[in-house]
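Okay, structure first, notes after.
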Amino acid sequence: MDDLLREFLTETNESLDVVDVELVKFEQDPNNEDILGNIFRLVHTIKGTCGFLGLPRLESLAHAAETLMGKYRDGSPVTNDGVTVILHSIDRLKEILGGLEESECEPEGDDNDLIGQLANLAVEADGGVVEATQAVAEPEPEVEPEAAIDVADNTERAVMPGEVTLDELERAFQEAEGPELAVPESMQETLQTSEPQDIEAKADDKPAAGDMAKADAGGEAPRKESSIANQSIRVNVDTLENLMTMVSELVLTRNQLMEMVRRMDDSEFKVPLQRLSGVTGELQEAVMKTRMQPIGNAWQKLPRIVRDLSKELDKKIDLEMIGADTELDRQVLDLIKDPLTHMVRNSADHGLETTAERIEAGKGDRGRVTLRAYHEGGHIIIEIADDGRGLDAEKIKAKVLSNGLATESELEGMTESQIFRYIFNAGFSTAAAVTSVSGRGVGMDVVRTNIELIGGSVDLRSTTGKGTTFTIKIPLTLAIVSALIVESCKERFAIPQLAVVELVRAKSDSEHRIEKINDTPVLRLRNRLLPLVFLDELLHSKRTGDSAENAEERIRAHEEAFIVVTRVGEQSFGVVVDSVFDTEEIVVKPAATLLRDISMFSGNTILGDGSVIMIMDPNGIAQTISGELSDTIEAAEESNSQSADESETSLLVFRAGTPEPKAVPLSLVTRLEEFDVKQLENSNGMSLVQYRGRLMPIMHVSEGTPLRSEGRQAVLVFTEDERSVGLAVDEIVDIVTDRLDVELTSEASGILGSAVIRDQATEILDVGHYLTRVFADWFRKPERLLTTASKRLLLVDDSPFFRSMLLPQLSMSGYKVTQAASAEEAWALRDAGEMFDVIISDIEMPGVNGYEFVASLKKDEAWTDTPVIALSAHGTEEDVARGREAGFDDYVAKFDREGLIQVLNEMLVLKGEAA
Amino acid sequence: MSNPNTIGGELVSSSDTSEYITVNIADQLFGISVPKVQDVFMPQQVTRVPLSMPEVAGVLNLRGRIVTVIDMRKRLGLPEREGDVTNMAVGVEYRGESYGLVIDSVGEVLRVRDADLERNPTNLDPRWQAVSIGVQRLDQKLMIILDVDKVLDLTKESKAA
C-alpha cells in the first residue's frame, strides 16, 4: 500500500476516535468552545487530506459535517439531532476508511442521505441564529442577508457532493465488470449488511430523537476495527529512549550475573542465565530497531515540492530518488528532514538552469535532481546532485571579499573546493538573485549547522556546466556508535571507530617505534612520518613538563604503547595510549553543559561494567595537534590570519653549520636517525655508516663542516630505490606546518632560497644538490635515459621553489626543461611557436589556474596533443577526479618525485607508441 | 527530626516557612531547598573528566543516568577533604541535566521560618556570596542557604577566568 495512504489511514482513524470522544463530551457541554474548536479542526484536517489524496466521498461528507460544525462554532444552538447526525457521519467516514484500507480505493456509495441531513441542519442552525437575533429585538438589517447568503452557500455546497457522486457512478458504470455493479441499490444493500442504522436513517427521513437511539445501538454493533490502525502505534521518542536506557541497564545486570556465574564451577543458574542473555540481546536489538526508519519518509514530500517548483520556475525537473529504503535513526531522520528539503529546493532553483539555458548549453531540456542514500560504515551518506550549471567560483570569491570573510590573497591560495565551501558560511546567500523559492539568506549555513549538530558533515563537489553534488554524511544513529575502548594512565576512553584507521603496536626494538624530533614524537609508518600525540599528555596537559627529559621519559614509558592511527578529513595522526581493550557498541549520551566546552570529548557513555567513560572527539584532537582548526572554513572565520592548511607544507626545521635555521619539506625525508659517531667509518674521503645492511654515505649539510667527533650525530636519511644518503645536521629543531613562500633565491649551492617560517628567516635546503653530489646519477637511471633523451618539457608553476626543486632532477633525468611562471608565460611560448613533448603544470596559480590552463590547452590546436601532468599539493581523490575531468592526463602530488618521473616515462612511452 | 509543621513545638503555616536539607561541608552547615533535591546518594565509581574545571569531580552512573559530580569543597574554595572519609552527594537537576553535589555529610530535613532568613553579611567570602541566597538563623548555629542554580552556573565564571 502507498505509504502516504497508510499514514493517512492511521492518522485519520486516530483523529476520528478523538472526534468520537470529543463529540460526546460536546453534547453534554455544548457551550465549551474548546471542544468544539478541537472537533472542527480535526474534521477540517480530514477533509483537507481527503481532498489532497483525491477521495471525493470522504471529502464531501467531511465537508458537510464541517459546515454544520462551523455553524455551531459561530454560535448556533447545538441540538441533539445535530450531534447525532455528525456522529453518524463519523461512523460513515470510518466505514469508508475501512473499505479504503481493504481495496486501496474508496468504496462506491452514496452519502447524500447524511449530507442532506447535515445541510438541512446547517440551514436550521442558521435560522436559529436569525431567530435569536430577532428575539433580542435589535433590528440588524445585515444579519438577514448574511444568513441568506449562508443558506445559499449551503445549498450550493450540498449539491456539490451529489455531483461528485454522480460522476463516481458514471465511472463505476464504465468500469463495471463484476457482479457487484455499483448501482445505488446494490450499494445500499451492501450498506445494509454492515450498517443497518444508516439505512433506517435514510428510510425515515426525519433526523429526530429516534436516530439518537439508533446511533447508540450502532455503537454496540460489532464493527471491524481498522487493522492498520492497530498494526502501528505512535510512540513518543522519549518512551523509546527510556526503554533503551532500561535495556542498557538490563545488559549491564546480565553481564554482572554472567561474571558471577562464570566463577562458579557448576551452577544451576547457567542454563537459565544463558537464556536470559539471549533474550536480552534480542531485546536490545529490537529496541534499537524501533528507532530505525527508512529515509524515504523524509523524502515523501519532495516530489510534490519539486513539482510545484517546476511549475513556479518554469523548468522541467526530474527528481530521482535512489535508496529510499535505507534506514536510519528516527531522531536523525527528523533532524535532517528540513535541511534535505532545503537542499533539494536549492538544487532545483539555483543548481538547474532554465530550460532555455539548458538547450543553449547543449543539454537535455529536462533538469535532473538526484537523491541517493546508502550506508557506508556506521554512516549514512546522502547525496543531492543536480546536473545544472555548477557553482560559480568567481561569484563566490566576490561575495567572500565583499563580506570580508577572507582577503584576496587568502582566496588566491585556496583550492576551488575550499572556495565553494564558503557557501556554508552564515549569511552567505548562494543565489546571485534572490527568488521567491530560496536564496533568502537563511541558507546553507543553517543546513550545515543542523547537520553538524547531529555529528554529521556536509561537503560539495561542483563542476562548471556539469552540476553540483552535495554529500551529507551523518551517523546512522545518534544513540549507538562503535567505539574503541582505550586506556591511558589507568583511565579509559572511547574513540569512535569511524575515525580509527588502524592500530599499531609500538615497541622499541621493532620496526614500529616511537621516535622524536626535538620534542615532537613521530612514528614511521610505511615510509611516512606520522605525527603522534600522547593521550595522557593531551589530557593532563598541566602535569607534563616542558623539558626534553620529560618527553624522553614519556617515550620510554610508552615503549610498548599502542598507537591508534586516526584520520580526520585529510589529517592523519597517531594517538598513543597504554592499552587497547575492545570495540564496543556504546550508547552515546551528551555530556553535561559544564563539560561541553572541552573540545576533546564529544560525549560520554556507560560501559558494560557500569562505569562512565568519556568519548573522545577525533576532531577535537586533530585541532589540538595542528593548533588550528582542521575545518578550513572555521579557520577562516575565526582568524583571517590563519591560512588554509591544505596550502601548507610540513617542514623539518634544523640547524647545520650556521645559527640560522634551515628547513626541508618533511615529505622528502625518509627517516631521522641518530648514529653513534663511533659507528661512522671513513672511506675515500667520505663518511659512511652501516645502515640496514648497506653502507650509507653521510655528508654534512654545511659542506666542509666536520661531523661530530663524539656522541651521537643526527642524520636526515633520504632514500630512493634502496639507495640512501644521510645528511648530517647539528640539531633538529622542530616540525612545523606553515605556508612555504620562498622569498629569496640563493646563490649558494645547496640552498634554494629563504622563507619565513614561524616568523624566522629560514633557509630551504636544495636536497637535489646533495643527493647528486653523493650519487652523481641519483636521478639518472639507465632505463629512464632511454626514453627521455632530449625530450622537451615545459614546467608551469608560479612557485620558484618548486621550479627550482624539480628543475635539477628533471634535467638530470634527461629532459630539456623550459620554465614558465604562469599560464600566460606558457601561452607566450606557444605563440612563439615552441613545441613540447610534455607539460607539467601546477594547479593553484594566481590568475589562470591549472584547470583553466589545461582546458584551454586542450582546445588549442598547436598543443592539443601534448600530454599535461597536473602537479598539486592537494592529492585528494576529488582533486584527481577534477583534474582528469579538466583535461589533465595524469595527476601527481607535488613532492612525489619518484611518481613524477615514473608518470613522465609512462606518458612518453605511450606517446611514442601512439606515434 | 522535628515535625515538619511545627517549629519549636509551635504550629506554623507552611506558607511562610521553607524546608531545607541540611548538609555539612568542612564543619559549616548549609541548607538546600527540599524541592530542589532529587535524591541523596553515595558517589561511587566516579570517572574523572580530564581538562574539566577543578570543581568538576567527574561523572558517574546513577541508575542508568550519567550524573556530573561537583565537589562542593572546591566550589566554595575550601581545602580538600582529608583522609578516606566516605562522603555523600545530593542529587539535583539543573537545566534538565543531573548533577551531584559532593558534600561531607547529610543532616536532616528542617522546616524553618522564612522570617529568620537574612541576607548574606557583606563581609562573607565573595565565592560564598555568589552561591548563597542568605543565612538562616537557627537556635544553635547559622545555616547558609545554597542556591543550586548559582552553584551550578559555572560556565560564566570559567570563561571569565
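Per chain, numbering begins at 1; letters A, B, ... match sequence-line order.
- Residues of residues 96-103 of chain B lying under 4.5 angstrom from chain A, judged on non-hydrogen atoms, are B:E97, B:Y99 by number.
- Contacts between residues 33-48 of chain B and chain A, defined by a heavy-atom separation under 4.5 Å, are made by B:Q45, B:T47, B:R48.
- Electrostatic pairing of A:R492 and A:E487 does not count as a salt bridge here, judged by no charged N lying under 4.0 Å from a carboxylate O.
- For B:S52, the parts lying under 4.5 angstrom from a heavy atom of chain A are both the backbone and the side chain.
- Checked for salt-bridge contact, B:R95 and B:D149 miss the test: no charged N lies under 4.0 Å from a carboxylate O.
- Annotation for B:D104 and B:A26: closest pair OD2-N, 2.8 Å, computed over non-hydrogen atoms.
- Judged by distance alone, with hydrogens and angles left aside, the side-chain atoms of B:D147 form no donor-acceptor pair with the main-chain N or O of B:V131 at under 3.5 Å.
- In this model, no donor atom of one side chain and acceptor atom of the other lie less than 3.5 Å apart for A:S488 and A:D578.
- Between A:F601 and A:D617 the shortest heavy-atom distance is C-CB, 3.9 Å.
- Residues B:K150 and B:R75 come closest through the heavy atom pair O-NH2, 3.3 Å.
- Contact annotation for B:V59: both backbone and side-chain heavy atoms come within less than 4.5 Å of a heavy atom of chain A.
- Heavy-atom minimum distance, B:L29 versus B:T22: CD1-CB, 3.8 Å.
- Looking at B:R137 and B:E118, a side-chain N of the basic residue comes within less than 4.0 Å of a carboxylate O on the acidic one, giving a salt bridge.
- Taking the six-membered ring for Trp and thresholds of 30 and 60 degrees, B:F30 and B:W128 have ring planes inclined between 30 and 60 degrees apart.
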